[in-house]
Amino acid sequence: MTVKYQNLKTRSLKGNPLAEAIHPRLNESEFEDMVTDEITVPDDIEEYSNYEKELEALSLMKTVSPTSMYYETYCDLYNVLMAGFMSRNPLSDEQKRYNNLISTRQIESEKTSSECMIVTGLSGTGKSTLMNTVLDIFEQTHSHTKDGKYGVSFQQIVYIKCDIPANASADGVCSRIIREIDKLTNDGRSKDFKLTKGKKIEDTIDNIVAACSTLGLGMLIFDEVQNIAFASAGDKTKIFRLMNDMTNIAKIPVINIGTTKAIKTFETEFSNIRRLGLPVDLVNFKADEEDWQLLVEYAWSYQLVSAPLELTNEIRKVIYDFTQGVPYCLFYLISQANISAIRNEKKINNGWRFSTCLQHKV
C-alpha cells in the first residue's frame, strides 16, 4: 500500500517520514463513526429458531459502544506515538549513526526516556477492548518506497502488541515479540534472534531493541502486565530491562496494560512511578454517570423477545446492583437474560417478565 504522507507543521516532526506516515488525528465525530460497532434486533427475529436466537444473543458481547474514555485515550495514544518520533528521524545522519551504535551495543541507557502510557483497571472494565479498538485505527505497518515523497525504501512498524504469558518468562516475552517482528516484516529475520552457544537472553534483548529502532517502531505494547508479578526474580529483571532499554536507549514508547495489581508490580522496580507514563485508569462506572446510562440503554434495547420490556428506573437499579458498573458484566448479563427468556418462552408469554431473567441467570 502506498504511504500517504501528511504535511506536518510541527517543527520537531516536519520532514520525518515515520511521523508523516501516520494518519492525521481524527476529530471526535470521525473517530466515533470509525469505531462504533453496535447491533440492533434483527427485523426478522421471529423467523429465527430458538437456538439461532440464542446465538444472536451472544453477538452483543462482540459489539463496541464507545464511551467518552475511548476518544480521550485515542488522542493520548496518538500524542505518545508522535512524541516518540520527535528525536528519531531515520533520514538524519545523527539517527543513522545512533541506530548503528545501538546495533553495536555502544549506547548506554540514558536518564531521559520516551513518552509512555499505562492503562489499568479491574477485570471486565474493558482495558483490552478499549486499546484494541483504538489500535485498529492505525495501520500497523508502512512500506516506504523510493518513488514516494522521500525517495527512500524501508519497512516501518507502527506498533507491536505482546501479551505477557501467564508464567511471565523473559524468554517467552522475547519470543512473542520476535514472532510479531517476523510476521510484520515477512523477511525471515527471526533467525537473527536465535540463541546460539555462548549467547544469553540478554543478547536477544539487545537484538530486539536494535531491530525495533531500525524498523522505526512507534510503540511497544504489553498487555496482561500484572502477570509479571508471577515471574521469577531473574525473569522479572530481564523483562524490566527490555522495557527500560526500549524507552531509554531506543527512545520507543512502551504502553503497559493490566489490572490494578500492575501498579504494585512496577512500584518495586520504578522508584518514580511517573516513569511509567501517562496513566489511563478504567474504573467501574457510577450508576448516574452518563456513559453508564448510555451503555445500559444500548444493551437493554437488545431484547430478543416478542414483547420488549420498557427500561424503568427500577430495572436500572437492578442492573447496577448486579453489574456494579462493569461493562463486561452488563453485556454478559443482558446476553444471558436473553437466552433465559428464549428458553422460558412459555413463562414469558404467561407474564414472567424479561427482568426476572436477570435474577434467573445471575
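In this text the structure is predicted, and so the values were computed from the model without any measurement.
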Chemist: Step through the shown structure and confirm whether more than 12 heavy atoms of other residues, nucleotides or ligands are within 6.0 Å of CD on Glu47.
Modeler: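 Not buried by this count: 12 neighbours or fewer within 6.0 Å.
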Chemist: Which one of Ile177, Val209, Ile205 satisfies the side chain to side chain contact (heavy atoms under 4.5 Å, CB included) criterion with Met246?
Modeler: Val209
Chemist: Under 6.0 Å from the CG atom of Asn186, do we count more than 12 heavy atoms belonging to anything else shown?
Modeler: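 For Asn186, atom CG is not crowded (no more than 12 foreign heavy atoms under 6.0 Å).
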Chemist: Thinking salt bridges, do Glu180 and Lys183 make one under a 4.0 Å N-O criterion?
Modeler: yes
Chemist: Take a 6.0 Å sphere around NZ of Lys4 and say whether it holds more than 12 heavy atoms from other residues, nucleotides or ligands.
Modeler: no
Chemist: Restricting to non-hydrogen atoms, name the atom on Gln156 and the atom on Leu18 that form the minimum distance, rounded to 0.1 Å.
Modeler: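 Taking Gln156 first and Leu18 second, the nearest heavy atoms are NE2-O, 3.1 Å.
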Chemist: Suppose we screen for ring pair (Phe, Tyr, Trp, His ring centres under 6.0 Å). Which residues come up paired with Tyr70, at least two apart in sequence or across chains?
Modeler: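 If we apply the ring pair (Phe, Tyr, Trp, His ring centres under 6.0 Å) test to Tyr70, skipping adjacent residues, there are no hits.
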Chemist: Would Met131 and Ile255 satisfy side chain to side chain contact (heavy atoms under 4.5 Å, CB included), going step by step from the backbone distance to the final call?
Modeler: CA-CA 10 Å; Met131 290 303 296; Ile255 315 298; 4.1 Å; yes
Chemist: State plainly whether one hydrophobic cluster holds both Ile45 and Leu60, where clusters connect Ile, Leu, Val, Met, Phe, Trp and Tyr through side-chain heavy atoms under 4.5 angstrom apart.
Modeler: yes
Chemist: Between Asp223 and Lys161, is there a salt bridge with N-O shorter than 4.0 Å?
Modeler: yes
Chemist: When you compare the side chains of Gln95 and Ser92, does any donor N or O come within less than 3.5 Å of an acceptor on the partner?
Modeler: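 Judged by distance alone, the side chains do not pair up.
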Chemist: So does Arg241 pair up with Asp206, basic N to acidic O under 4.0 Å?
Modeler: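 Between Asp206 and Arg241 there is a salt bridge, with a charged N closer than 4.0 Å to a carboxylate O.
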Chemist: Rounded to the nearest 0.5 Å, what separates atom CD in Glu54 from atom CG in Asn338?
Modeler: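 CG of Asn338 is found 10.0 Å from CD of Glu54.
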Chemist: How about CE on Met34, more than 12 heavy atoms from neighbouring residues, nucleotides or ligands closer than 6.0 Å, or not?
Modeler: no
Chemist: Quick check: closest heavy atoms across Ile228 and Met243, and the distance to 0.1 Å?
Modeler: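 The pair with the smallest heavy-atom distance is CD1-CE, 3.8 Å.
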Chemist: Which is it for Lys251 and Ile102 under the side chain to side chain contact (heavy atoms under 4.5 Å, CB included) test, yes or no, and what are the steps along the way?
Modeler: CA-CA 11 Å; Lys251 308 301 181 187; Ile102 294 176; over 6 Å; no
Chemist: Can Leu294 be reached from Leu330 by stepping across I, L, V, M, F, W or Y side chains whose heavy atoms are under 4.5 Å apart?
Modeler: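 They do not share one cluster, since no chain of ILVMFWY contacts under 4.5 Å joins Leu330 to Leu294.
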Chemist: Is the ring pair His142/His144 parallel, tilted or perpendicular, if the boundaries are 30 and 60 degrees?
Modeler: perpendicular
Chemist: Looking only at non-hydrogen atoms, find the nearest pair between Pro90 and Asn16 and report the distance.
Modeler: CD-OD1, 3.5 Å
Chemist: Do the side chains of Phe331 and Leu122 join up, straight or via other hydrophobic residues, at under 4.5 Å, putting them in one cluster?
Modeler: no
Chemist: Distance only, no hydrogens: is a donor on one side chain within 3.5 Å (strictly under) of an acceptor on the other, for Asn27 and Ser29?
Modeler: no
Chemist: Going by distance alone, is a donor N or O of one side chain under 3.5 Å from an acceptor N or O of the other, for Asp235 and Ser232?
Modeler: yes
Chemist: Under 6.0 Å between the ring centres of Tyr5 and Tyr150?
Modeler: yes
Chemist: Salt bridge (Lys or Arg N to Asp or Glu O under 4.0 Å), that's the test. Do Arg97 and Asp93 meet it? Break it down for me.
Modeler: CA-CA 6 Å; Arg97 286 194 298 271; Asp93 291 335; 5.1 Å; no
Chemist: So does Asp288 have more than 12 non-hydrogen atoms from other groups sitting under 6.0 Å from CG?
Modeler: yes
Chemist: Kindly give the heavy-atom pair with the smallest separation between Cys174 and Thr204, and that separation in Å.
Modeler: CB-CG2, 4.1 Å
Chemist: Check Glu297 with Arg316, please: is the shortest side-chain N to carboxylate O separation under 4.0 Å?
Modeler: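 So Arg316 pairs with Glu297 through a salt bridge.
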Chemist: Looking at Glu20 and Lys149, does any basic side-chain N land under 4.0 Å from a carboxylate oxygen?
Modeler: yes
Chemist: Which atom names give the shortest non-hydrogen contact between Tyr74 and Pro24, and what distance separates them?
Modeler: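 Closest approach of Tyr74 to Pro24, heavy atoms only: OH-O, 4.3 Å.
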Chemist: How long is the span from the CG atom in Asn99 to the CD atom in Glu94, to the nearest 0.5 Å?
Modeler: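 Going from CG on Asn99 over to CD on Glu94, the span is 11.0 Å.
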